[in-house]
Amino acid sequence: MQKLFIVYTFDCSFQYYEETIDQWVKEQGDGNVIDYELVKVNDHKSHSFYSVSSLEKFAMMLDNNWAKECDKANNCKDIVYKLELVG
């Protein structure tokens, strides 16, 4: 299992963004996204935590046509960090 931290910025409302992410995970994350949590920073930014079974599959989720079109329509930008336990 891999742990990820993602910083998202977007032009849509946080509520719309949250609903879109829920739909994306349900439709495309089955078998890969084990758990996730979105934390609202402000109306156009969130921090997200994901537990995934495969980094490669998650990268494919971020890079498919559905995600690209959604990102383009809402001016979404993301920075993905892989988290590792220290100590």
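Hydrogens, waters and symmetry mates play no part in the numbers below; they use all other heavy atoms, side chains included. Positions are given from 1, in the same order as the sequence printed here.
Of the inter-residue distances, the one linking F14 atom CZ with K45 atom NZ reads 13.0 Å to the nearest 0.5 angstrom. To the nearest 0.5 angstrom, Y8 atom OH is 5.5 Å from S48 atom OG.
Inter-residue side-chain proximity for L55 and F58 is flagged as unmet; no heavy-atom pair is nearer than 4.5 Å. Residues K3 and K82 form no side-chain contact, since every pair of their non-hydrogen atoms from C-beta on lies 4.5 Å or further apart. The shortest side-chain heavy-atom distance between V52 and K57 does not fall under the 4.5 Å cut-off. Within the 4.5 Å cutoff, the side chain of S46 has heavy atoms near those of the Y17 side chain. When side chains are defined from C-beta on, C70 counts as touching T20, because their heavy atoms get closer than 4.5 Å. You'll find the side chain of N74 reaches within 4.5 Å of the side chain of Y16, heavy atoms only. Here the side chains of Y81 and L4 are not in contact, with every heavy-atom distance at 4.5 Å or above. A 4.5 Å side-chain heavy-atom check between F10 and D78 finds every atom pair outside the cut-off.
The aromatic rings of F49 and F5 sit tilted relative to each other, their planes meeting at an angle between 30° and 60°.
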Intermediate values then yes/no, side-chain hydrogen bond (donor to acceptor under 3.5 Å, both in side chains), N42 and K40: CA-CA 6 Å; N42 62 43; K40 180 179 179 179; over 6 Å; no
Working for side-chain hydrogen bond (donor to acceptor under 3.5 Å, both in side chains), residues S54 and E56: CA-CA 5 Å; S54 167; E56 293 78 20; 3.3 Å; yes
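One hydrophobic cluster, built from ILVMFWY side chains closer than 4.5 Å, holds both Y50 and L62. L83 and V41 sit in two unconnected hydrophobic clusters of ILVMFWY residues. Membership requires side-chain heavy atoms under 4.5 Å apart, directly or through other members.
Judged as a salt bridge (Lys or Arg N to Asp or Glu O under 4.0 Å), not a single pair has a partner in residues 8-37 (not counting sequence neighbours).
Using modelled atom types, no side-chain atom of H47 and backbone atom of V7 make a donor-acceptor pair closer than 3.5 Å.
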